[in-house]
Amino acid sequence: SAGYELSIAPEGAARLTLRANGAETSAASTAKVSDGQWHHLLVEVDRAAARITFHVDGVAAGQGAIDTIGKDAALSNPSDFVVGKGLVGAVDFLRVCRSTVAESKTTIAELYAWQFDGPFRKDFTGRKPGKGRSRDCGALQRAP
């Protein structure tokens, strides 16, 4: 009866549905994400602006209005947080935040860059692991 669902629409776009107070609102991306390729998907719900915004691979990919449920409607519910139900594919990284991109003092470009070249992809000295090699923790040795 209340909450949100991020899914893939039949035409292959990302779709976010919000439910509250017996009403529902939904918006979909303009970019297809079910094409067999890896994608960086960011969906932002800006309650103050009553807007849902989609970014696919760091590029704006559509928006919709939060109109039928009201921008202050409660989305909280006692249900489990489920990821990947019915998904044919894989989720490599997932982050759910309680703030907009602006409130988090970041940008879409920074988040996109971090996802594909962030510090977690390198050892402690900034080196990427070699092809076919296991990750090195990057421990530093004392010079002789």
Side-chain angles (χ1 to χ4, degrees), residues 1-21 23-141:
S1 64
Y4 57 92
E5 176 182 43
L6 181 61
S7 60
I8 306 298
E11 68 278 2
R15 177 177 51 208
L16 182 71
T17 303
L18 305 175
R19 292 180 189 91
N21 303 324
E24 177 178 296
T25 191
S26 186
S29 67
T30 56
K32 189 173 181 180
V33 294
S34 65
D35 58 3
Q37 303 298 311
W38 282 100
H39 291 286
H40 179 266
L41 172 65
L42 187 144
V43 184
E44 178 182 39
V45 177
D46 186 338
R47 301 289 295 264
R51 182 179 55 236
I52 300 169
T53 305
F54 294 86
H55 286 83
V56 176
D57 299 329
V59 177
Q63 55 180 244
I66 302 173
D67 47 11
T68 57
I69 66 166
K71 64 181 183 180
D72 295 324
L75 300 175
S76 62
N77 64 64
S79 299
D80 291 336
F81 185 77
V82 179
V83 176
K85 182 179 179 183
L87 176 69
V88 177
V91 174
D92 183 50
F93 184 85
L94 174 69
R95 180 187 326 189
V96 178
C97 301
R98 295 183 61 143
S99 61
T100 64
V101 173
E103 290 168 343
S104 298
K105 295 181 174 57
T106 188
T107 64
I108 301 300
E110 182 178 48
L111 291 171
Y112 182 72
W114 188 88
Q115 176 65 35
F116 293 100
D117 196 33
F120 62 94
R121 298 206 179 262
K122 301 173 183 131
D123 67 17
F124 291 142
T125 64
R127 292 183 306 226
K128 291 186 177 185
K131 193 170 193 167
R133 292 181 26 214
S134 61
R135 288 187 56 99
D136 180 4
C137 70
L140 302 175
Q141 294 179 339

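Source: prediction; values computed, not measured.
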### Summary
Rounded to the nearest 0.5 Å, the NE2 atom of H39 sits from the NZ atom of K32 at a distance of 9.5 Å

### Query
D35: what forms a salt bridge (charged side-chain N to carboxylate O under 4.0 Å, His left out) with it, not counting sequence neighbours?
none

#### Entry: Minimum heavy-atom distance G64-A27, with the two atoms named
CA-CB, 3.8 Å

### Task
Please round to the nearest 0.5 Å and tell me the distance separating atom CG of L111 and atom CZ of R95.
6.0 Å

#### Entry: Least distance between heavy atoms, T17 atom then S26 atom
OG1-OG, 3.3 Å

### Message
Whether the side chain of S29 engages the backbone of A31 through a donor-acceptor N/O pair (distance < 3.5 Å, no angle test) should be reported.
### Response
yes

#### Entry: Audit row: V45, I66, side-chain contact (heavy atoms from CB on, under 4.5 Å) steps and yes/no
CA-CA 9 Å; V45 177; I66 302 173; 3.6 Å; yes

### Message
So which atom in L16 and which in F54 form the shortest heavy-atom distance, rounded to 0.1 Å?
### Response
N-CZ, 3.9 Å

### Query
Closest approach of I108 and G58, non-hydrogen atoms and distance?
CG2-O, 3.8 Å

### Query
Are V96 and F81 close enough that some pair of their side-chain heavy atoms sits under 4.5 Å apart?
yes

### Message
Could you report the tightest heavy-atom contact between I8 and S34, atom names first, then the distance?
### Response
CG2-CB, 4.0 Å

### Query
Taking the side chain as C-beta and beyond, is there a heavy-atom pair between K105 and S99 under 4.5 Å?
no

### Query
Among all residues two or more places apart in sequence or in another chain, which pass the side chain to side chain contact (heavy atoms under 4.5 Å, CB included) test with N21?
A73

### Query
For the atom pair CG (L18) and CG (L6), what is the distance rounded to the nearest 0.5 Å?
10.5 Å

### Spacing of CG belonging to L75 relative to CZ belonging to R47, to within rounding of 0.5 Å
4.5 Å

### Query
For the atom pair OH (Y4) and CZ (R19), what is the distance rounded to the nearest 0.5 Å?
12.5 Å

### Query
Which is it for V101 and L42 under the side-chain contact (heavy atoms from CB on, under 4.5 Å) test, yes or no, and what are the steps along the way?
CA-CA 10 Å; V101 173; L42 187 144; 4.2 Å; yes

### Task
Answer yes or no: is there a side-chain heavy-atom contact under 4.5 Å between T53 and D46?
no

### Query
Taking all atoms of both residues into account, what is the closest heavy-atom pair of T25 and A65, and its distance?
OG1-O, 3.3 Å

#### Entry: Euclidean distance, R51 CZ relative to E44 CD, rounded to 0.5 Å
7.0 Å

